[in-house]
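For reference, the structure is listed below as structure tokens.
In this text the structure is predicted, and so the values were computed from the model without any measurement. Because only heavy atoms are used, hydrogens play no part in the values below, and waters and symmetry mates are left out as well, while side chains stay in. Counting starts at 1 for both ligands and their atoms, in listed order. All residue numbers in this chain count up from 1 along the given sequence.
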Amino acid sequence: MLQQNKKITYTAQHYSNAETVGVVQDTTVFVPNMIVGEVATVRVDYVKRSVAFGTVEKVLKCSTKRVKPPCKHFGKCGGCALMHMSYDEQLVFKTTKVRNNLAKIGKLNCEVLPCVASPKVLGYRNKLSLPVCGSKGKVRIGMYQRNSHYVVDMDNCMLGADWSNAVVRVCRQFFNDSNLVPYNQKDFSGQIRHIVARYVDSQLLLTVVTNGIFNINWQPLIKGLTKHFGNSFGLFVNINTLHNNVILGAKTQHVYGLTHISSNHFGVQFKLAPNSFFQVNDGVKDGIYAKAKELLNTSNTQVLVDCFSGIGILSNALASPNYDTYAIEIEPSAVEDAEQIRLLNNTPCLTNILGDVKVELPKLTQQNKGKNISLVVDPPRKGLGETICNTIINAKVDNIVYISCDSATLARDLAQLSSHYQITYVEPWDMFPNTDQVETIVCLTRK
Ligand SMILES: C[S@@+](CC[C@H](N)C(=O)[O-])C[C@H]1O[C@@H](n2cnc3c(N)ncnc32)[C@H](O)[C@@H]1O
């Protein structure tokens, strides 16, 4: 049996998410930061029955797919898990991840196309959301260390572009100079919890999440942001007094500058509030929307429903005078944005519905019983779940495009839907390069 802190010679045999898996002395060992085929000296960190977790000490046989990670925080910061792989290998990893999840979780043997590359591999994120930790005058802002709640102070995150690093620097300086106290997760004391920012087409919206109502002079922060972003930014405060893992509280106040980001993507004019959902990688977002439009068969569609529609760029792009379009979204600010976008783009055949898909989709399918219904679903990581899948099956929806950000819950849902639907297209897309996350687009047609 393996012992903790002992060194072993380990061969990485296959991947389990971002970690490699190998068997040593009848124990299954999980080791991150390796590539399949590599051999390494590994320190055993933890053993429980026939499973162990280890850390690479020295790579003895190096894969040709290994590259020098461009970020100095790699390995320590929990943000990127694949930076040690060539980009080609990252794409192979993601294709394999989707294929394995469909086979193992969904028991599905369908063709999975190769993962589509992101136009940008670094500096692609249009959003940052970082915890603020440390002490008065010694504030740390960054990502959590892997498997821990320690924040690695970040001066240059390579997934964000120059804008995000400027925001972090300006905020850290402001918090330190103003003697603001970071939130303490243990005793719930302190003032500043998180910074959340979105940067699209040279417009920045920054939200500072506080642990209550405080009398803070924001002028130095506004001055610092003006230096970098001129007039093209808005500042907000969100108050979150609940002591849980949810980043944003219910209340957001506008402090200064822009109230929305305004732009035009995928042929749709839009306005985006600071806390509405927006895909993080602009280049991949537009590619996925185009693929969804191409895959959705609307030749006989009488009713189209876009479930989990966010601010509704896709709903507007898919709406047509040939059928009625409905968009269902649970977040009130996103539905407010969606309504403005509908008016801006003059899309009269689109109806935005504020509510839970679980409740609103059965109502819509009941109202449109007998009609030919097409569906787009783009749920959060937890996927559709049994109830929504049953609604789809019972309503005899004609065809579905499923956009997923978690291939494990996707596999579970497809297993249920495949009793009544043919899976005709599965394609992973690299929305999140250098991380182990993957987006997948799937097309289903009623059998
Ligand atoms: C992955 S995002 C997709 C948004 C949109 N399709 C897009 O491309 O921007 C998921 C969206 O579902 C919304 N949502 C989460 N749970 C929901 C529910 N039960 N009913 C309706 N919308 C929900 C979230 O607020 C979020 O906007």
Side-chain angles (χ1 to χ4, degrees), residues 125-127 129 196 198 200 246-248 250 252 260-261 263-293 295-296 304-319 325-342 345 347 350-365 374-392 400-410 413 428-429 431-432 437-442:
R125 281 188 69 92
N126 63 27
K127 184 182 182 186
S129 177
V196 178
R198 169 91 68 195
V200 177
V246 180
I247 293 174
L248 291 168
T252 301
H260 281 81
I261 286 170
S263 194
N264 187 320
H265 283 193
F266 201 58
V268 175
Q269 264 183 282
F270 67 90
K271 282 188 151 214
L272 177 67
N275 303 326
S276 299
F277 179 89
F278 195 72
Q279 305 283 359
V280 298
N281 183 332
D282 293 335
V284 175
K285 169 187 84 241
D286 288 359
I288 288 185
Y289 286 172
K291 182 55 80 178
K293 198 168 177 178
L295 290 174
L296 198 70
L304 169 68
V305 190
D306 180 7
C307 297
F308 310 93
S309 50
I311 63 166
I313 295 183
L314 188 56
S315 339
N316 275 271
L318 293 174
T325 304
Y326 297 90
I328 309 174
E329 165 61 44
I330 206 164
E331 172 60 44
S333 77
V335 179
E336 275 172 33
D337 288 350
E339 226 1 58
Q340 285 208 40
I341 292 169
R342 186 182 73 80
N345 292 277
T347 320
L350 169 66
T351 307
N352 289 308
I353 299 173
L354 171 63
D356 188 333
V357 170
K358 234 185 213 170
V359 178
E360 301 301 329
L361 185 62
K363 281 196 219 161
L364 270 180
T365 53
S374 297
L375 217 60
V376 174
V377 292
D378 184 3
R381 297 184 65 82
K382 67 178 179 185
L384 298 177
E386 197 179 339
T387 313
I388 297 176
C389 288
N390 275 336
T391 302
I392 294 171
I400 308 162
V401 168
Y402 189 147
I403 303 170
S404 154
C405 55
D406 185 329
S407 54
T409 55
L410 170 72
D413 292 341
W429 282 69
M431 180 77 85
F432 317 98
Q437 306 297 309
V438 59
E439 197 86 355
T440 311
I441 188 158
V442 177

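Partners of Lys285 by salt bridge (Lys or Arg N to Asp or Glu O under 4.0 Å), not counting sequence neighbours: none found. The side-chain contact (heavy atoms from CB on, under 4.5 Å) check on Ile388 picks up Phe308, Val357, Lys358, Leu361, Leu384, Ile392, with sequence neighbours excluded. By the side chain to side chain donor-acceptor pair (under 3.5 Å) test, Ser374 is found to be paired with Thr301, Asn399, residues two or more places apart in sequence or in another chain being considered.
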For ligand 1, find each of its N or O atoms that sits under 3.5 Å from a protein N or O atom, and tabulate the pairs with distances to one decimal place.
unit_1	atom_1	unit_2	atom_2	d
ligand 1	6 (N)	Phe308	O	3.0
ligand 1	6 (N)	Asp378	OD2	2.9
ligand 1	8 (O)	Gln279	NE2	2.9
ligand 1	8 (O)	Tyr289	OH	2.6
ligand 1	8 (O)	Asp378	OD2	3.4
ligand 1	9 (O)	Tyr289	OH	3.3
ligand 1	19 (N)	Asp356	OD1	2.9
ligand 1	20 (N)	Val357	N	3.0
ligand 1	22 (N)	Ile330	N	3.2
ligand 1	25 (O)	Glu329	OE2	2.6
ligand 1	27 (O)	Glu329	OE1	2.7
ligand 1	27 (O)	Glu329	OE2	3.3

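Asn126 contributes a side-chain N or O that, together with a main-chain N or O of Val280, makes up a donor-acceptor pair within less than 3.5 Å. In this structure, Gln437 contributes its side chain and Phe432 its backbone to no donor-acceptor pair below 3.5 Å.
Exactly one of Leu410, Ile288, Val284 qualifies for a side chain to side chain contact (heavy atoms under 4.5 Å, CB included) with Glu439. That residue is Ile288.
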